[in-house]
J.: 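I am attaching a structure below and will ask some questions about it afterwards.
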There are 2 protein chains.
Amino acid sequence: MSTFENVTVTREANIYFDGKVTSRKVTFEDGSYKTLGIMMPGEYKFGTEKAELMEILAGQLRYRLDGDTDWTPITYGQSFNVPANSSFDIEITELVDYCCSYLD
Amino acid sequence: MSTFENVTVTREANIYFDGKVTSRKVTFEDGSYKTLGIMMPGEYKFGTEKAELMEILAGQLRYRLDGDTDWTPITYGQSFNVPANSSFDIEITELVDYCCSYLD
């Protein structure tokens, strides 16, 4: 287990896809923020505004960035980057606990 | 939306009931802590060690404390207390976002 210290947490969850994807926002002293979330098994499409670093804390999935033809499987302990103003498809094969960092 | 400030957040989620109930721990400067969680529709039983205050931030449920015969329906904006070293049944009728405070 690891922790984020001296942060601000938004109490209310972000709820997507009928609750199959949920997350909570964690804001750091420098104004940057991450979300900590859960994705239930299923297939989802997300758009990005900022670039994102998706770290997989538990579970398994495969993802496909906009423009890619192939899916890339990854598992807990691994991560992937998504460009700004883009999108990606994600298929959760085993419940995922994740940390998403929004990059400037 | 409201926030908890100057807190420590545990990065990894607590995952129960195959992920139908998940939560994240938020620890305050005084050492007290709360969990912020999501419960998908379904019926669950929980045990308590400390007394708990369950605040419902979104969704609908009914609960039955240990020893109660009747279920009590509540909805977002409402809360209920559970004694220490006890248990309660909970039936989620619409996805619940909650804040659980652990009381000394």
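Note that the structure is predicted; figures quoted are calculated from it, not measured. In what follows, chains are A, B, ... by sequence order, proteins preceding strands, each numbered from 1.
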J.: Which bit of A:T22 is near chain B, if near means a heavy-atom gap under 4.5 Å: side chain, backbone, both or neither?
T.: side chain
J.: Heavy-atom pairs under 4.5 Å with chain B - which of A:T10, A:D18, A:V7 has more of them than the others?
T.: A:V7
J.: Does B:Q78 use its side chain to pair, donor to acceptor, with the backbone of B:E55 at less than 3.5 Å?
T.: no
J.: State yes or no: do B:L57 and B:V21 share one hydrophobic cluster built from I, L, V, M, F, W and Y residues joined by side-chain heavy-atom distances below 4.5 Å, directly or via other members?
T.: no
J.: What residues of residues 89-104 of chain B sit under 4.5 Å from chain A when you count only heavy atoms?
T.: B:L95, B:D97, B:Y98
J.: Suppose a student defines contact as a heavy atom less than 4.5 Å from any heavy atom of chain B. Which residues in residues 32-54 of chain A would they list?
T.: A:L36, A:G37, A:I38, A:M40
J.: Do B:V9 and B:K25 have side chains that get closer than 4.5 Å, going by heavy atoms?
T.: no
J.: Let me know if A:E29 has heavy atoms under 4.5 Å from chain B in its side chain, its backbone, both or neither.
T.: neither
J.: Below 4.5 Å, heavy-atom pairs only: which of B:R24, B:E5, B:K20 has the largest tally toward chain A?
T.: B:R24
J.: Are there residues of residues 60-76 of chain A that reach to under 4.5 Å of chain B by heavy atoms, and which ones?
T.: none
J.: Among all residues two or more places apart in sequence or in another chain, which pass the side-chain hydrogen bond (donor to acceptor under 3.5 Å, both in side chains) test with A:T27?
T.: none
